[in-house]
Amino acid sequence: MELLAPVGDLKSFYAAVYNGADAVYLGLQSFNARIKADNFTLDNIKEIVNFAHLYGVKVYVTINILIRDNEVAEFLETVRACVRANVDAYIIQDFGMAKLLLDNFQNIVLHASTQMGIHNLSGAKFLEECGFRRVVLSRETKLEDIKLIKAQTNLEIEYFAQGALCVAFSGNCYLSSIKNGNSGNRGKCLQLCRLPYKVYDGVNILADGYYLSAKDLCLMKRLQELTSAGVDCLKIEGRLKRASYVAQVTRSYRKLIDSFSSVDIEKEKARISELFSRGQFNENAYLDHNFNIINAKNSNHKGRKIGKVIATTKFKNIFKITLQLKEPIGQNDAIRFVQGKNQFSVGVGNVNVLANGLVEIFSTQNIPVNFDVYLLKSERKEKALNDFVRYLPVNFYFIAKENQPAKLVAIYNDVSVSVSSEMKLEKAKTAGVTYDQVFKQFCKLNDTKFILNHLECELDNVFIPVSELNNLRRKIILALENIILKKYNDNLPKIIEKEQRPVAINTPKNDFYLISNLAELKNAKDKLGIILAPDEYGIDYINYLISSLIKKGINQEAIYLNLPIVSTEEEIQIIDSILKQYKIGIIANNYAHLRWVNQYKTIAGIGLNIYNNYTAYYLLKLGCENIIWSIEKNQTSSCGSVLVDGYPALMTLCHCPFREIYNSNCSNCQYSNNLIYEDEKNNKYRLRRYKIKHCYFELYSEEKYQKVTNAGKIYDLRRF
């Protein structure tokens, strides 16, 4: 199983490589979903890739955002630079850009980003047919669906095992974009899900906390199940985390993969928690159908409780704070004082160590007595992690014979190389070169990636200058690096760029009403097409809705079923049985739905995030009759359709918010449409449910979404 580590800057890159990653994923300064990270540049990407490849580590570049039409030329140039740097693969979200690369770069290796929302066999099969080599599955993917994908495709499967978990279904969170103009699909998410919310039923406050903030993943205990299910790559989230965090998580999972039975998982979890933890881990993801993902008490690093404040006194212009601690702290540590909702974070300066676990620190903050002390960062442990370097063990074989050039052979794994001196060696006038003298010069490899593991010598009584030994050492290392990289890069697929062809689209401007029930039709003013988004996907209920619409004089040809963004493969089969019974059109909102593109009239829907003409072009070429543009796109097109009015889903949730709020379960269902989430700026959000076999929820704003366009118009008549 491959271990894939996150790299947001140079320090994290070295941390991942040195601590045992098999591959790293990183972004450049544009076109990646972690644009706030330091990232890498077109100037240093080749150097980074070469360093990784010397260690046998693969490099995956994230080009995982939606691309504007006016960015395509720069996007392609970025990929060309990465191709020249021998990047191993590309993690991509934008379907149009993926097809463009597959059409124009022969043999390019593409991994479908988790933002593409692949979570069932139908979606995976579709992308395999398109030319993808790997799918980074949505975190919401069930274990049973992982097994199906592995059994019935040749795709590599990548799955998140550790790190931050988005509360919304991957790729279809529009909250930050619609409310603040900063799209997660463009790498600029403001993480509004991590804010506190009051939850009430319209009258009574039911809860107050971080009710959209998910626990971090930690799937250590389920590693063997994931292996058995066919997961090829375990992925660690964290391109915005510190290098020390990357080092520790990579190290812990390396141990686990290499020797599961001998690892103390609780100890490894504790080590990770010291670097970053929101207080609780989600140890099951969504692998089963029984999960609890929200941590309403903490939305950021909680730290570890280590003591209490026992006294605070004024000292000159600051405060002297006396702490009772169960472990020491030091200069440059970070601690937090907590009592209830009151919190103060401080950096530690001078520390006076007293007797019996008492210490004194100084702060401008007046911290009250009895506040708990949490350790957020230990400078000593951070330094130990950041300073760790793993060298590559090399064996040298040195031959020094009279009247022959000196010869040095280096062997690393299955690679060997030799270099020779330019001069022939002469017999020593006094004592000849010794093993110890050779070893002393050849072990001076600290400025390289290598460490001398073993040295063998065949020595005549010859003289060789120290300068020549040093020269041989430098030459052999350079030659060894070159041959390792050549052997690695020769095994990469040769990517051949073909001529790029311009695309053009021209589709009808279809107008629709979007409804979930018949009562909403009373707000319809004209006879338009109908997009039916029912709250229950059952044969009997769909039959009732369609027959009722036909009785109202609506042509069956004008009725389209809005397919749900999330559905297990088992639920896909339920939808398939519905479609077989009713020959109506479909709105495809996930790539899984394109399995039906040649069977039913298909419109590519909002859920596919159609952001540029290339995505539209390729979806039409596949057989879609029309498109609905992303609600995040600035509308300049006059073809296709655009949602112009209503209350679209800003998040799709796979957990049950009512279970979290009411501490209920399915046998005691508390669902109603009057649950309201309110943030600190008085923005209000509601929930609506749709059900197939399982329940899913859509979070939407009470503030109406409106847009002006020259394209076809979709009026969302659903109300709260």
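- Of the possible polar contacts, none joining the K150 side chain to the D232 backbone as a donor-acceptor pair under 3.5 Å is found.
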For side-chain contact (heavy atoms from CB on, under 4.5 Å), just list the numbers for E156 and R133, CA-CA rounded to whole Å, side-chain angles, deciding distance to a tenth of an Å, and then say yes or no.
CA-CA 6 Å; E156 295 176 359; R133 307 280 187 92; 5.6 Å; no
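- To the nearest 0.5 Å, the span separating CG on L148 from CG on L143 amounts to 10.5 Å.
- Taking the side chain as every heavy atom from C-beta outward, L226 and L287 approach each other to under 4.5 Å.
- For N634, the CG atom is loosely surrounded, since the number of other residues' heavy atoms within 6.0 Å does not exceed 12.
- For N70, the CG atom sits in a packed shell: over 12 heavy atoms of surrounding residues, nucleotides or ligands are nearer than 6.0 Å.
- Here the two rings, on F13 and F51, have centers that are under 6.0 Å apart.
- The two residues I484 and V415 make their nearest non-hydrogen contact at CG1-CG1, 4.1 Å.
- When side chains are defined from C-beta on, K235 counts as touching I91, because their heavy atoms get closer than 4.5 Å.
- Contact annotation: the side chain of H53 approaches that of V49 to within less than 4.5 Å [non-hydrogen atoms, C-beta and beyond].
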Go through the steps to decide whether K142 and E225 satisfy the test salt bridge (Lys or Arg N to Asp or Glu O under 4.0 Å), and finish with yes or no.
CA-CA 12 Å; K142 300 286 182 279; E225 289 176 86; over 6 Å; no
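- Aromatic rings from Y25 and H111 are positioned such that their centres are separated by 6.0 Å or more.
- In terms of modelled atom types and a separation under 3.5 Å, the side chain of S113 and the main chain of M116 share no donor-acceptor contact.
- Side-chain contact check for N185 and Q93: at least one donor-acceptor pair (N or O, by modelled atom type) lies under 3.5 Å.
- Under the 3.5 Å distance criterion, the side-chain polar atoms of N609 are matched with a main-chain donor or acceptor of G171.
- Shown here for E632 and L66, the closest heavy-atom pair between the two residues is OE1-CD1, 4.1 Å.
- For the pair Y159 and R139, the tightest heavy-atom approach, listed with the atom from each and the gap, is OH-O, 3.3 Å.
- Using a 4.5 Å heavy-atom cutoff, the side chains of R34 and T62 are not in contact.
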Check the pair E71, R186 against salt bridge (Lys or Arg N to Asp or Glu O under 4.0 Å), reporting the backbone distance first and the verdict last.
CA-CA 12 Å; E71 295 172 330; R186 292 279 296 168; 2.8 Å; yes
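- In this structure, W629 and I610 approach most closely via the heavy-atom pair CE3-O, 3.4 Å.
- Judged purely by distance below 3.5 Å, without hydrogens or angles, the side chains of N19 and Y253 never pair a donor atom with an acceptor atom.
- Within 6.0 Å of the NZ atom in K46, the count of heavy atoms belonging to other residues, nucleotides or ligands exceeds 12.
- Within the 4.5 Å cutoff, side-chain heavy atoms of E2 are placed close to those of R134.
- Looking at N589, its side chain never comes within 3.5 Å of a backbone N or O of P564 through a donor-acceptor pair.
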R80 and F105: side-chain contact (heavy atoms from CB on, under 4.5 Å), yes or no, with the steps?
CA-CA 9 Å; R80 288 188 195 100; F105 291 85; 3.9 Å; yes
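- C639 approaches A711 most closely through the heavy-atom pair O-CB, 3.4 Å.
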Take I575 and W596, measure what side-chain contact (heavy atoms from CB on, under 4.5 Å) needs, and give me the verdict at the end.
CA-CA 11 Å; I575 294 169; W596 294 301; 3.8 Å; yes
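- Shown here for Y60 and A23, the closest heavy-atom pair between the two residues is CE1-CB, 3.7 Å.
- I603 has its side chain within reach of E625: a pair of non-hydrogen atoms, C-beta onward, lies under 4.5 Å apart.
- No side-chain donor-acceptor contact under 3.5 Å links Y696 and E140.
- Proximity of a side-chain donor or acceptor of Y90 to a complementary backbone N or O of V109 within less than 3.5 Å is not detected.
- Remark: the backbone N or O of S122 is paired with a side-chain donor or acceptor of E569 at under 3.5 angstrom.
- In terms of modelled atom types and a separation under 3.5 Å, the side chain of D94 and the main chain of I67 share a donor-acceptor contact.
- Between F95 and Y618, the two ring planes are perpendicular [angle over 60°; tilted spans 30° to 60°].
- The local environment of CD in E47 is sparse, with at most 12 non-hydrogen atoms from other residues, nucleotides or ligands closer than 6.0 Å.
- The number of heavy-atom neighbours closer than 6.0 Å to NZ of K179, taken from other residues, nucleotides and ligands shown, is above 12.
- Of the possible donor and acceptor atoms, none in the side chain of N510 sits under 3.5 Å from a partner among the backbone N and O of S641.
- For N562 (side chain) and I531 (main-chain N/O), no donor-acceptor pair under 3.5 Å exists by modelled atom type.
- Side-chain atoms of V7 and V246, non-hydrogen and from C-beta on, never get closer than 4.5 Å to each other.
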Criterion side-chain contact (heavy atoms from CB on, under 4.5 Å) on L76 and L101, from CA distance to verdict:
CA-CA 8 Å; L76 288 173; L101 294 182; 3.8 Å; yes
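- Y560 contributes no side-chain N or O that, together with a main-chain N or O of F512, makes up a donor-acceptor pair within less than 3.5 Å.
- Side-chain atoms of H119 and D145 form no donor-acceptor pair, as typed in the model, at a separation below 3.5 Å.
- Side-chain contact of N172 with Y174: a donor-acceptor pair under 3.5 Å is present, judged by distance alone.
- Under the 4.5 Å side-chain criterion, counting only non-hydrogen atoms from C-beta, I627 is not in contact with T615.
- One distance of note links CZ of R254 with CG of L256; it measures 10.0 Å at 0.5 Å rounding.
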